[in-house]
Amino acid sequence: MRTYLVTGGAGFIGSNYIHYMFQKYDSQIRIINLDKLTYAGNLENLKGVEDRDNYTFIRADICDRDAVNQIFQENDIDRVVHFAAESHVDRSIKDPEIFVRTNVLGTLVLLNAAKAAWELPDGTYQEGKKFLHVSTDEVYGSLEEEGEYFYENTPYDPHSPYSASKASSDMLVKSYIDTYHFPANITNCSNNYGPYQFPEKLIPLIINNALQGKKLPVYGDGKNVRDWLYVEDHAKGIDLVQEKGRLFETYNIGGHNEKQNIEIIHIILDTLREMLPESDARRELVSDDLITYVEDRKGHDRRYAIAPDKIKKEVGWYPETKFEDGIRKTIQWFFEHEEWMKNVTSGSYQKYYQDMYKI
Ligand code: NAD
Ligand code: DAU
């Protein structure tokens, strides 16, 4: 049975990936989920998975060399899928240091542990071992012109402390590939949305605020463009890259769903109005008047857009979920998980929100 070490599996994309992998492979795989459970990590995301015999959760910090080495010593890990990171751009602007620690040092610790466990005396690696580093399109910087896209060979030009830390971690992975022939891939994905996303990010924040009649903060002129991908499509892409992709290669994941932030907000408002039954009191609260333009994000990248040509051609991946369907599924999930939202927005979230928005 193949054993996966998934880091950051209690976060948004990591938990969706674990659900997807068990749906697809059931008892053919074993997953060890290594997560520090920061504010973004939530074991509630793994309900339905935690009782499986082929699933283990380990609470640890990826920067903790001894803890990470011990996992490799005690388990014959075949695949690493590395999600764990500080992931929110706004937080990185306020406090960059933890981003460098987790995203850069943490990635180095994992690379070293996997290399030590997998390397043979002649410098080659045990058959079938693979490391996949989950990264972002933000490393490529910002596009201005319509019709321009990020390709795998687009030069790195990160602007925020978050994207600079992810770019650094990508460079470390590339250096291990080039120097040690380390068996790794990198995926650079666009903006994800879907179940279990923490409401500091645009889409769940807007859904949650709109349902409570709270203001909807729009940075700057609201015309920044992101290329939105339903999270399950990302999970599929990662799996396909590890199964069918060429080792050592980078693959961009995303594509052709570019929307301005203000468009996203209008789509969410319209979809909420459409989906809420007449009898639901929240219908009254959902209103365009909630839209509130606030100070722009510092260094705000204007536009991201992925060209997924390589992943399509080489592994047959394409974004399966249309945005109209994905956003309805997401909203439906939030309707059905009010308790989840209450739990993640109590406590420290309130302080974060007040400090961040002051509206
Ligand atoms: P998230 O913030 O929801 O989850 C991050 C997870 O990592 C949490 O469970 C957290 O507890 C864990 N973690 C943080 N620091 C840790 C540490 N030191 N040790 C162990 N665990 C730690 O993030 P996400 O949105 O799910 O993103 C996952 C990965 O995907 C990140 O690497 C991110 O850069 C990348 N990515 C995200 C997006 C997106 O749209 N969200 C797009 C492209 C790439
Ligand atoms: O592109 C991939 C990246 O997408 C990932 O690497 C990051 O981990 C992920 O957080 C995401 O980064 P963004 O900064 O693009 O996502 P966010 O949801 O924070 O913001 C999306 C856009 O919406 C961005 O232009 C800023 C804007 N925004 C965001 C928030 C939270 C607002 O206008 N108002 C808000 O309140």
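Every heavy atom of this structure was used, including side-chain atoms; hydrogens, water molecules and symmetry mates were not. Atoms within a ligand are numbered from 1 in the order they appear, just like the ligands themselves.
Other cluster members for Ile93: Val89, Ile98, Phe99, Tyr162, joined by side-chain heavy-atom distances under 4.5 Å among Ile, Leu, Val, Met, Phe, Trp and Tyr.
Ring geometry, His181 versus Phe248: the interplanar angle falls from 30° to 60°, so the pair is classed tilted. Between Phe182 and Tyr125, the ring planes are perpendicular. Angles over 60° get that label, and only those under 30° would be called parallel.
Asn261 ND2, 3.3 Å is the protein heavy atom nearest to atom 23 (O) of ligand 2. The protein non-hydrogen atom at the shortest distance from atom 36 (O) of ligand 2 is Tyr357 OH, 2.7 Å. Of all protein heavy atoms, the one lying nearest to atom 3 (C) of ligand 2 is Glu138 OE2, 2.9 Å. In this structure, the protein non-hydrogen atom closest to atom 33 (O) of ligand 2 is Tyr219 N, 2.9 Å. Annotation: atom 25 (O) of ligand 2 to nearest protein heavy atom, His300 NE2, 2.7 Å. In this structure, atom 16 (O) of ligand 2 lies nearest to the protein heavy atom Asn191 ND2, 3.4 Å. The nearest heavy-atom contact from the protein to atom 20 (O) of ligand 2 is Arg297 NH2, 3.9 Å.
Looking at heavy atoms from C-beta onward, Asp95 lies out of side-chain contact with Arg91 at the 4.5 angstrom threshold.
Under the 4.0 angstrom criterion for non-hydrogen atoms, Lys166 is not in contact with ligand 2. Note on ligand 2: Glu200 sits in its first shell, one or more heavy atoms being nearer than 4.0 Å.
Each of the following atoms of ligand 2 lies closer than 4.0 Å to a heavy atom of Val218: 33 (O). Per-residue contacts place His88 under 4.0 angstrom from the following atoms of ligand 2 (heavy atoms of the residue considered): 19 (O). Near Tyr162, meaning under 4.0 Å from any of its heavy atoms, are these atoms of ligand 2: 5 (C), 6 (O), 7 (C), 8 (O). With ligand atoms numbered from 1 in the order given, ligand 2 contributes 1 (O), 2 (C), 3 (C), 5 (C), 6 (O) to contacts under 4.0 Å with heavy atoms of Thr136.
In terms of polar-atom proximity, Asp137 is counted as a contact of ligand 2, with an N or O under 3.5 Å from an N or O of the ligand. At under 3.5 Å, a nitrogen or oxygen of Pro217, whether backbone or side chain, sits near a nitrogen or oxygen of ligand 2. Not one N or O of Ser190 is nearer than 3.5 Å to an N or O of ligand 2, by distance alone.
With sequence neighbours excluded, the residues that form a side-chain contact (heavy atoms from CB on, under 4.5 Å) with Pro204 are Gln197, Pro199, Lys201, Phe334. Under the rule for a side-chain contact (heavy atoms from CB on, under 4.5 Å), the partners of Ser142 that lie at least two apart in sequence or sit in another chain are Glu144, His159, Asp301, Arg302.
Residue Lys201 touches ligand 2 through backbone and side chain together, judged by heavy-atom distances below 4.0 Å. Contacts of Leu202 with ligand 2, taken as heavy-atom pairs under 4.0 Å, involve both backbone and side chain. With a 4.0 Å heavy-atom cut-off, ligand 2 is reached by the side chain of Val89 but not by its N, CA, C or O.
Closer than 4.0 angstrom to ligand 1 lie heavy atoms from Gly8, Ala10, Gly11, Phe12, Ile13, Asp35, Lys36, Leu37, Thr38, Ala40, Gly41, Ala60, Asp61, Ile62, Phe83, Ala84, Ala85, Ser87, Thr102, Val134, Ser135, Thr136, Tyr162, Lys166, Cys189, Ser190, Asn191, Asn192.
Side chain of His300 to main chain of Asp296: no donor-acceptor pair is present (N/O by atom type, distance under 3.5 Å, no hydrogens or angles). Thr7 places a side-chain N or O within 3.5 Å of a backbone atom of Ala84 that can act as its donor or acceptor partner. Using a distance-only test at 3.5 Å, with no hydrogens or angles considered, no donor-acceptor pair links the side chain of Asn191 to the main chain of Arg226.
Two rings, from Phe198 and Tyr39, have their centers less than 6.0 Å apart. Aromatic pair His256/Tyr149: ring centres closer than 6.0 Å. A centroid separation of 6.0 Å or more is found between the aromatic rings of Trp317 and Tyr251.
Heavy-atom proximity to atom 9 (C) of ligand 2, evaluated over Ser87, Ser92, Gly254, is greatest for Ser87.
Counting only N and O atoms by type, the side chains of Glu200 and Tyr353 include no donor and acceptor under 3.5 Å apart.
Between Asp76 and Lys129, at least one side-chain N (NZ, or NE/NH1/NH2) sits under 4.0 Å from a carboxylate O, which counts as a salt bridge. Salt bridge status for Glu274 with Arg328: present, with a side-chain N to carboxylate O gap under 4.0 Å. Taking the charged nitrogens against the carboxylate oxygens, Arg282 and Asp280 do have a contact shorter than 4.0 Å, which makes a salt bridge.
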